[in-house]
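Predicted, not measured: the structure shown is a model, and the values here were computed from it. Atoms considered below: every heavy atom in the structure, side chains included; atoms not considered: hydrogens, waters and symmetry mates.
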Amino acid sequence: MATETIVVDNHSSDNTIGYLSARFPSVTWIANDHNPGFAKACNQGLQYCSGDYVLFLNPDTLVAEQSLRLCVAYLEGHPQTGAVGVPMIDGRGRFLPESKRAFPSPLASLYKLTGLAALFPRSGYFNRYALGDLDEDTTGRVEVLAGAFMICRKKTLAITGGFDERFFLYGEDIDLSFRIGKAGWENHYFTGTRIVHFKGESTGGQQADYVRHFYRAMLLFFDKHYSNTGAKRYRPAIRLAIALRAALSFAVRITRPLLLPLADTLLLFLAFRLVSAGWIRFARQGVDFHVPFIGYALPLFSLVFVMTAGFAGIYDRRYRASKTVSALFAGCICTLALYALLPEQLRFSRAVVLGGASLGSALVFFSRITLFRSLHGWLGYEPAKAAGRLVICAPGTRPAMESMLNKPATEAIHYAPAGINSEGLLAMSRQTHSRELVFCTGDISLEACMRHMQALSKKGLRFLFHSAGSSSIVGSDWRSASGRTIPVAMQYAIAQPLQQRMKRVTDIVLSVLFLLTAPAHAIIHPNAMQLLANTIKVLSGEATWIGYQTACETLPPLRRSIISHNKHPSPAWRLSADAWYAFDYAWWQDIFMVFSRYYQLA
């Protein structure tokens, strides 16, 4: 089957086209100088299509080897069908309900927005929007297909006019499905194949943008298709429900990362208060300290303790008991040191500080054990114990994988034959204590990988993919996060959470120093205004002072750099130099480079 591939790049910042165009010369590349949105980019690519069928495909997907052929065969066998979608699974192997949907009618929208659809997921009435009564493995006619994988007849798109470009990121697939139906065609959900959709890459992890675009699309669709019908009487209720749901979704996404630090702060404050009250009652026979500062000191110590523990790694996404203990110990030491630095008239009792920090540490530690048993996924954390990796590949691929993965390793690497079944994979993962499964797709078909993923979707495993000839591994990192690209060497120093924090702290300290000494820079620096502008960019998190010379997918990502760590005239040496910078990263080297190359900072 002859195919053509058109890739539209919506102003990516990682040199995507420069990196890939040389490797895929047969692909048509379209580079936008800004991000016009998903719908407009798809319409741009549509103008270059010359075939009878057009597939709209998200970048965060993996398509099985026979998916296109099977979908085209289905379309050819069903001439009334204008578009076809397939079942989608996420990076954990779980079915995505948005694979098959009904139109968001006013009642269906209200049930979804109020949470009734989630309470009755199998109901064809309350969960009408996700077609709860249609089995995920049943092929049939549906009203809405997902734009992540949507294959259409070219003549159908000629009639409907493609996507409505007013939809920036979400809702364009619902609108197009709606217009396909109005034009006399049918949308079909075809279960003869499936794809992996990691989800979230199109938003780049921007939570506020996700909420804004998603709920704006819902309003746009309702106003476009229901404002002039009998359903307009629902308009005030729908708009109110959308606004409330958007506000709630935004609040949850923003506050979720703060819940654990806030809970820890409250536990520590409670511990300090209990120890303080107990010390006054039993050790001082009811005599108060008569130090007014104690009312400010206890919440201050709680906050400093949590900040110190956070910097020591207690909130790293991969948690382990040993890291929690060391972080709590660091919090205790820092809190005692802060108390020792207080003026004599502000001190009240070392025993209270030590006892409160100790009791608080115990409360935090045991709360971790309790919470993380059931809520670690929702909170965005992942257990780090038994973090082995099981690679599924053919014997001929194993040497290349060993070379790629066996760096100074913190994770054990094990290997399984490509022909192993799902039960064998589960047994090997348990025997080797492996929680990550790496599929080498040159040795095992993506269709087989997806079958394994679905069979093992409830076993707490993470699935990763290595494509033959590539230098990276892709997969879904966290249960609540988007897909990720895994560098060849996982043990780059700069990829470690502590070093990432140290790099950011170094950037902030240097930026604050430059701001405090701005008058001096105005005299001695030839381009002081640009230096000030760069300082603001680094302080806001838009850039880092020192970074790579080249953009490369195989290295841990960094913010855009003001200057590179070194300047090599030969492009062949630049990637190697960047790799060494990432591998041997030390924060003090950034400080040295900033001051030694002071005049290049602007």
Side-chain angles (χ1 to χ4, degrees), residues 1-6 38-39 41-43 45-58 61-89 95-105 108 124 127-164 167 170-197 221 224-225 446-447 450:
M1 183 174 65
T3 60
E4 58 185 0
T5 305
I6 298 100
F38 181 79
C42 286
N43 287 344
L46 179 60
Q47 296 174 13
Y48 289 81
C49 295
S50 60
D52 295 329
Y53 304 99
V54 178
L55 169 65
F56 297 107
L57 184 67
N58 267 29
T61 56
L62 295 175
V63 180
E65 292 80 3
Q66 297 298 319
S67 291
L68 298 185
R69 190 182 304 277
L70 291 170
C71 288
V72 168
Y74 184 86
L75 281 166
E76 291 178 344
H78 298 77
Q80 79 284 7
T81 303
V84 163
V86 300
M88 301 184 296
I89 60 174
F95 175 75
L96 292 172
E98 59 264 34
S99 303
K100 52 178 179 63
R101 288 171 288 174
F103 294 127
S105 66
N127 196 22
R128 169 66 182 166
Y129 179 66
L131 298 177
D133 56 340
L134 177 62
D135 186 80
E136 65 186 64
D137 295 320
T138 301
T139 296
R141 184 178 178 179
V142 298
E143 293 177 339
V144 175
L145 300 173
F149 181 100
M150 189 175 185
I151 186 166
C152 310
R153 296 182 190 271
K154 182 72 176 294
K155 58 184 179 182
T156 302
L157 296 172
I159 296 172
T160 59
F163 288 110
D164 184 340
F167 292 90
Y170 299 102
E172 71 289 322
D173 49 2
I174 303 176
D175 176 74
L176 179 57
S177 299
F178 187 90
R179 288 185 283 114
I180 289 174
K182 288 185 67 176
W185 297 91
E186 296 178 0
N187 298 303
H188 279 216
Y189 171 70
F190 173 57
T191 60
T193 185
R194 61 198 63 233
I195 70 166
V196 177
H197 183 202
F221 182 86
K224 179 179 178 179
H225 295 291
L446 276 168
E447 189 67 40
M450 294 178 203

Side chains of [X] and [Y]: closer than 4.5 Å at any heavy-atom pair?
X	Y	answer
H197	S99	no
T160	W185	no
C71	F149	yes

Task: Qualifying residue for side-chain contact (heavy atoms from CB on, under 4.5 Å) with D135, from D133, L131, D137, T139 - done: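 Output: one option passes, namely D137.
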Open item on the list: I need the single residue from E143, R141, E136 that forms a side-chain contact (heavy atoms from CB on, under 4.5 Å) with Y189. Which is it?
Closed with: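 Testing each of E143, R141, E136 against Y189, the sole residue satisfying side-chain contact (heavy atoms from CB on, under 4.5 Å) is E136.
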To the nearest 0.5 Å, how far apart are [atom1] in [X] and [atom2] in [Y]?
X	Y	atom1	atom2	answer
N187	L176	CG	CG	8.0 Å
E65	L70	CD	CG	11.0 Å
R194	L446	CZ	CG	13.0 Å

- [ ] In plain terms, say whether D173 and R101 are close enough for a salt bridge, that is, a side-chain N and a carboxylate O under 4.0 Å apart.
- [x]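 A salt bridge is present here (some side-chain N lies under 4.0 Å from a carboxylate O).
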TODO: Taking all non-hydrogen atoms of both residues into account, name the closest pair between E4 and G51 and its distance.
DONE: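 Minimum heavy-atom contact is OE2-N, 3.4 Å.
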Task: side chain to side chain donor-acceptor pair (under 3.5 Å) partners for T3, two or more places apart - done: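 Scan of T3 (side chain to side chain donor-acceptor pair (under 3.5 Å), adjacent residues dropped) gives none.
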Name each donor-acceptor pair under 3.5 Å that joins a side chain in residues 73-80 to protein atoms two or more places apart or in another chain, with its distance.
residue	atom	partner	partner atom	Å
Y74	OH	H188	ND1	2.7
H78	ND1	Y74	O	2.8
Q80	NE2	E186	OE1	3.4

